[in-house]
Amino acid sequence: MNKETDSIVRYCKPSQVIDGVVQASAFLLRKKDPTIGRPKDEIDLSVDHFEHFQDTQFAMIRDELTLRGIEVKRNGWLAKVRYHELERDIEERLFINIDLIKNHGSHCLVKNLYQHDEEAAFAFLENINDQVKIEEIG
Amino acid sequence: MSNIVETSYFGFEKIRKGSQASISTLDEGKPYYSYDIIFPKTIIETEGLHFRKYVAFDQQIDKQLAYLRENLDEDQDKEIFKGSVDCFKRANLSMIYEKPPVLSVDNSGYLIAEWRGYQSYDILLMMFSPNDRISLTAIKGKILVKKISGTMIEVTREFGRL
């Protein structure tokens with residue numbers, strides 16, 4: 001993975017893309033909810049490495065998400081974000097050094113966003129350079 | 001227009017004309033100021049304009065909420081969402097804005113109100129919790145200029161000062 005040039009992809013639920021515009025809510029960490037078996041806050045943001053696949057990347061990532069048990073809806077979206085620019089913007093504006101750690105396959109975690117996700121969400125939005133609706137992926 | 005909605009500049013509750021309460025309660029029994037005390041005369045004179053604007057805003061908000069209810073995912077907590085919407089609706093009574101927010105739902109189920117390019121702010125984000133706590137994040141010139149979390153009355157008051 002080349003962090004200088006590569007991109008990350010975030011799955012955005014239908015309730016997070018309004019009139020085709022991805023909202024900040026798509027990039028917020030989950031909060032703890034013991035009633036549904038989530039005893040701790042989520043601390044890393046789950047994304048996929050776009051260039052992990054050689055071609056038909058959006059389709060491959062959609063399939064990866066499904067394999068991981070994520071409910072990928074036809075009216076959900078995939079938002080592609082330039083990682084290097086994101087990292088730079090968050091460092092320059094928020095003085096936070098995020099990092100991207102490869103987990104398994106194309107799955108990655110954006111680290112160091114915990115308790116900064118609300119302000120960092122704007123940097124994600126600004127660095128989206130492509131987005132596609134799931135039902136439009138071949 | 002017998003049920004005119006009017007709003008203070010200072011983040012207090014929109015008051016339904018006709019009730020004419022001079023002191024009422026908004027949150028946890030704390031009093032807020034009356035229509036007569038806080039509204040400058042010029043605002044009262046333009047209440048017809050405010051009324052039309054806010055009716056349109058409320059209609060847009062209702063449409064957005066209906067869309068969100070229909071499009072919640074299984075893993076977005078329905079109880080959190082419901083409580084979050086209740087919190088937003090009550091807070092919204094005490095907020096004035098030049099354009100309505102875009103509403104969406106985070107992965108946990110919390111309702112998020114978002115304004116982009118609002119006044120001089122790049123983005124304003126508000127997150128509403130079922131326990132009536134709200135967080136407000138404001139980015140201006142791409143820099144974080146405000147991040148607060150507090151009770152409904154504290155944060156809506158702060159919103160009014162933006």
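Below, read A as the first sequence line, B as the second, and so on, with proteins coming before strands; counting in each chain starts at 1.
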Student: With a sphere of 6.0 Å drawn around NZ of K3(A), does it hold more than 12 non-hydrogen atoms of other residues, nucleotides or ligands?
Tutor: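 Above 12, so yes.
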Student: Any heavy-atom pair between the side chains of L28(A) and N107(B) that's under 4.5 Å?
Tutor: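 No - every pair of side-chain heavy atoms lies 4.5 Å or more apart.
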Student: Once you round to the nearest 0.5 Å, how far does CZ of F95(A) lie from CG of L144(B)?
Tutor: 10.0 Å
Student: For chain A, find which of I80(B), V102(B), L72(B) contributes the most heavy-atom pairs closer than 4.5 angstrom.
Tutor: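 Greatest number of close heavy-atom pairs with chain A: V102(B).
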Student: Heavy atoms under 4.5 Å from chain B: which residues of residues 15-26 of chain A carry them?
Tutor: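 At a heavy-atom separation under 4.5 Å, chain B is reached by S15(A), Q16(A), V17(A), I18(A), V21(A), V22(A), Q23(A), A24(A), S25(A).
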Student: Around atom NZ of K102(A), are there more than 12 heavy atoms of other residues, nucleotides or ligands at under 6.0 Å?
Tutor: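 Yes - once you tally the heavy atoms of other residues, nucleotides and ligands closer than 6.0 Å, there are more than 12.
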Student: With a 4.5 angstrom heavy-atom cut-off, could you sort out which part of E79(B) is near chain A: side chain, backbone, both or neither?
Tutor: neither
Student: Would you mind checking which part of E42(A) comes under 4.5 Å of any heavy atom in chain B, side chain (CB onward), backbone (N, CA, C, O), both or neither?
Tutor: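 For E42(A), no heavy atom lies under 4.5 Å from chain B.
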Student: Side chain, backbone, both or neither: which part of D89(A) has a heavy atom under 4.5 Å from chain B?
Tutor: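 It is neither, since no heavy atom gets under 4.5 Å.
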Student: Is there side-chain contact between V105(B) and K13(A), with heavy atoms separated by less than 4.5 Å?
Tutor: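 No, their side chains stay 4.5 Å or more apart.
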Student: With the 4.5 Å side-chain cut-off for hydrophobic clustering, are F53(A) and L65(A) part of the same group?
Tutor: yes
Student: Would you say that E70(B) contacts P14(A) through its side chain, given a criterion of any heavy-atom pair below 4.5 Å between the two side chains?
Tutor: no
Student: Can you tell which of S108(B), G109(B), S135(B) has the highest number of heavy-atom pairs within less than 4.5 Å of chain A?
Tutor: S108(B)
Student: Less than 4.5 Å to any heavy atom of chain A: does that hold for the side chain of R116(B), its backbone, both, or neither?
Tutor: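 Just the side chain, heavy atoms under 4.5 Å.
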Student: Would you indicate whether the side-chain heavy atoms of K142(B) and E126(A) approach each other to under 4.5 Å?
Tutor: yes
Student: Please determine whether residues I90(A) and L45(A) belong to a single hydrophobic cluster, defined as Ile, Leu, Val, Met, Phe, Trp and Tyr linked transitively by side-chain heavy-atom distances below 4.5 Å.
Tutor: yes
Student: Heavy-atom pairs under 4.5 Å with chain A are the metric here; pick the option from D73(B), I112(B), I123(B) that has the most.
Tutor: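 When all of D73(B), I112(B), I123(B) are compared, D73(B) has the most.
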Student: Quick one: do I134(B) and I61(B) end up in the same hydrophobic cluster if we chain Ile, Leu, Val, Met, Phe, Trp and Tyr together by side-chain heavy atoms under 4.5 Å apart?
Tutor: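 I134(B) clusters together with I61(B).
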Student: Which bit of L125(A) is near chain B, if near means a heavy-atom gap under 4.5 Å: side chain, backbone, both or neither?
Tutor: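 When you check distances to chain B, only side chain atoms of L125(A) fall under 4.5 Å.
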Student: Using a strict 4.0 Å threshold on nitrogen-to-oxygen distance, state whether K147(B) and E118(A) make a salt bridge.
Tutor: no
Student: Got a sec: does the CD of E136(A) have more than 12 other heavy atoms crowding it under 6.0 Å?
Tutor: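 Correct, the count exceeds 12.
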Student: Considering only residues two or more places apart or on different chains, which pairs with a residue in residues 26-35 of chain A satisfy salt bridge (charged side-chain N to carboxylate O under 4.0 Å, His left out)?
Tutor: R30(A)-D75(B)
Student: For D77(B), is it the side chain, the backbone, both or neither that has a heavy atom under 4.5 Å from a heavy atom of chain A?
Tutor: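 Just the side chain, heavy atoms under 4.5 Å.
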Student: For E74(B), does the CD atom have more than 12 heavy-atom neighbours from other residues, nucleotides or ligands under 6.0 Å away?
Tutor: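 Atom CD in E74(B) is not crowded, with 12 or fewer foreign heavy atoms closer than 6.0 Å.
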Student: With a 4.5 Å cut-off on side-chain heavy-atom distances among I, L, V, M, F, W and Y, is there a chain of contacts connecting V47(A) to I70(A)?
Tutor: no
Student: Hey, could you give me the CZ/CG distance between F122(A) and L125(B), rounded to the nearest 0.5 Å?
Tutor: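 It comes to 10.0 Å.
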Student: Sort L111(B) into side chain, backbone, both or neither according to what part of it lies under 4.5 angstrom from a heavy atom of chain A.
Tutor: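 Neither part.
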Student: Check whether I143(B) and W115(B) end up in the same hydrophobic cluster, where Ile, Leu, Val, Met, Phe, Trp and Tyr are linked by side-chain heavy atoms less than 4.5 Å apart.
Tutor: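 They do not share one cluster, since no chain of ILVMFWY contacts under 4.5 Å joins I143(B) to W115(B).
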Student: Can you tell which of N71(B), L68(B), L103(B) has the highest number of heavy-atom pairs within less than 4.5 Å of chain A?
Tutor: N71(B)
Student: Are E119(A) and I139(B) packed together at the side-chain level, in the sense that at least one heavy-atom pair is separated by less than 4.5 angstrom?
Tutor: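 A side-chain contact under 4.5 Å exists here.
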